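Quantities reported herein were computed from a predicted structural model and do not represent experimental measurements.
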Amino acid sequence: MRELNQEFTTKLTRWFRENQRDLPWRKDKEPYHVWVSEIMLQQTRVEAVREYYLRFMKELPTVSDLAAADEETLLKLWQGLGYYNRIRNMHKAAETVVGELCGEFPETFEGIRGLCGIGDYTAGAIGSICFDLRVPAVDGNVLRVMSRILEDGSDIKAAGTKKQIGSVLQELYPESNCGDFTQGLIELGALICVPNGQPKCDMCPVAEFCKAREHGTQMQYPVKSEKKPRKVVQKAVFVLRCVDEEGVERYAVRKRPKSGLLAGLYEFPNVDVERELTLDEAIAVAEDWDCVPMHLTRSSEFKHIFTHVEWDMKGYYLDVHEMPARFKWVTDEEMEAEVPLPSAFGYFL
Ligand code: SF4
């Protein structure tokens, strides 16, 4: 088995240049573009990010535009991507870049890492891609690839494992075009050394360096500790519809609290319940909100899974007589254009 050396780096970077996917954020090395794409790509598939990225850049083409945007615009642009703290942190970081750094993105690893919401991985990605810094960016793809190449049985969930793999990679960075090495590792994990199913070792540009391939142990890596089971919360969600004096249908939404899960986003009114509500109980909840329910038009059930919690939701569609001011009453068009409604409630539209 060959030891990792500069030939490994050369083979991987060459493969990346010849095989990389055509992605909108790879058109240039502008730090704002790389930053936005990297934050979007955390927890989200490339194909899903593509449209979000293009829309975001159309609306907010520069870091100054991002810094100047209001929260609801940002949440609306992020609607459906989830993990909304990402956009709040980006907003704060953009304010720092514009307000304290004269609009110039920092060019050192420490400077980039110091911005709100940027961790070691993102700082490594921006640093190596945009500023040619010899700094690794170790995400789940890279952990998988390297744990197979090294036959490293460390738990990839353990804090020290990223550092350990990062220090192996640090030694392998080329003198220039560092971003191609960073992206080569990530791309290899996405296209060849895949997370689900057998890796495509016969297409792998660095197969000759891979211990797992030599020993046929690819599927034993990476080693991952078991996750704790998620907490399950049962919810009764109310889609309250009222026809206003002009004959326009309006729906009740309300803003979620400023902190916690889905902070500051909108939701359909809902309550946590121990068990499914009967129709009478559901009507009683709406009455408590002063809505004067007329009849239930239909119901539906959805499950939404967050990282640590699962919502089992039953939706009650009620036509009501009154539009109490405790809720915001919006038309379909306003919902679509202005209301940042997270995916967990989007099922009920
Ligand atoms: S040889 Fe196979 S297991 Fe090893 S890095 Fe390449 S694709 Fe992954």
Spacing of [X] atom [atom1] and [Y] atom [atom2] [to the nearest 0.5 Å]:
X: E226; Y: K224; atom1: CD; atom2: NZ; result: 9.5 Å
X: K227; Y: T307; atom1: NZ; atom2: OG1; result: 8.0 Å
X: E301; Y: K314; atom1: CD; atom2: NZ; result: 5.0 Å
X: E30; Y: T62; atom1: CD; atom2: OG1; result: 9.5 Å

**Item:** salt_bridge(E249, R241) N-O dist < 4.0 Å
**Value:**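 So E249 pairs with R241 through a salt bridge.
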**Item:** Salt bridge flag under 4.0 Å for residues R326 and D290
**Value:**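 The answer is yes: the pair qualifies as a salt bridge.
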Is the shortest side-chain heavy-atom distance between [X] and [Y] below 4.5 Å?
X: F105; Y: W35; result: yes
X: V233; Y: D312; result: no
X: V271; Y: W289; result: yes
X: P106; Y: L115; result: yes
X: R50; Y: P24; result: yes
X: P340; Y: W78; result: no
X: S343; Y: H304; result: yes
X: T297; Y: L318; result: no

**Request:** Give a yes or no on this: more than 12 heavy atoms of other residues, nucleotides or ligands lie within 6.0 Å of atom CE of M294.
**Result:** yes
**Request:** Please check if the distance between the ring centroids of F306 and W311 is under 6.0 Å.
**Result:**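 Between W311 and F306, which both carry aromatic rings, the centre distance is below 6.0 Å.
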**Item:** Close aromatic pair by centroid cut-off 6.0 Å: F209 and F8
**Value:**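 Yes: the rings meet the under 6.0 Å criterion.
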**Request:** Would you please classify the geometry between the F56 ring and the Y32 ring as parallel, tilted or perpendicular, with 30° and 60° separating the classes?
**Result:** tilted
**Message:** Parallel, tilted or perpendicular, judged at 30° and 60°: which one describes the rings of F302 and Y347?
**Reply:** parallel
**Prompt:** Distance-only, no hydrogens or angles: does the R134 side chain make a donor-acceptor pair with backbone N or O of Y173 under 3.5 Å?
**Reply:** yes
**Asked** Ignoring hydrogens and geometry, is there a side-chain-to-backbone donor-acceptor pair from R55 to L77 under 3.5 Å?
**Response** yes
**Request:** Give me the one residue out of H91, R88, K76 that meets side chain to side chain donor-acceptor pair (under 3.5 Å) with E71.
**Result:**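 Of all the options given, the one that passes is R88.
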**Request:** Identify the residue among T331, D244, D332 that makes a side chain to side chain donor-acceptor pair (under 3.5 Å) with R250.
**Result:**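 The side chain to side chain donor-acceptor pair (under 3.5 Å) with R250 is passed solely by D244 among T331, D244, D332.
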**Prompt:** So, Y317 versus S300: side-chain donor-acceptor pair below 3.5 Å or not?
**Reply:**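 Looking only at side-chain atoms, S300 and Y317 do form a donor-acceptor pair, the distance falling under 3.5 Å.
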**Residues D120, K162; criterion salt bridge (Lys or Arg N to Asp or Glu O under 4.0 Å); working and verdict** = CA-CA 10 Å; D120 287 343; K162 267 191 185 172; over 6 Å; no
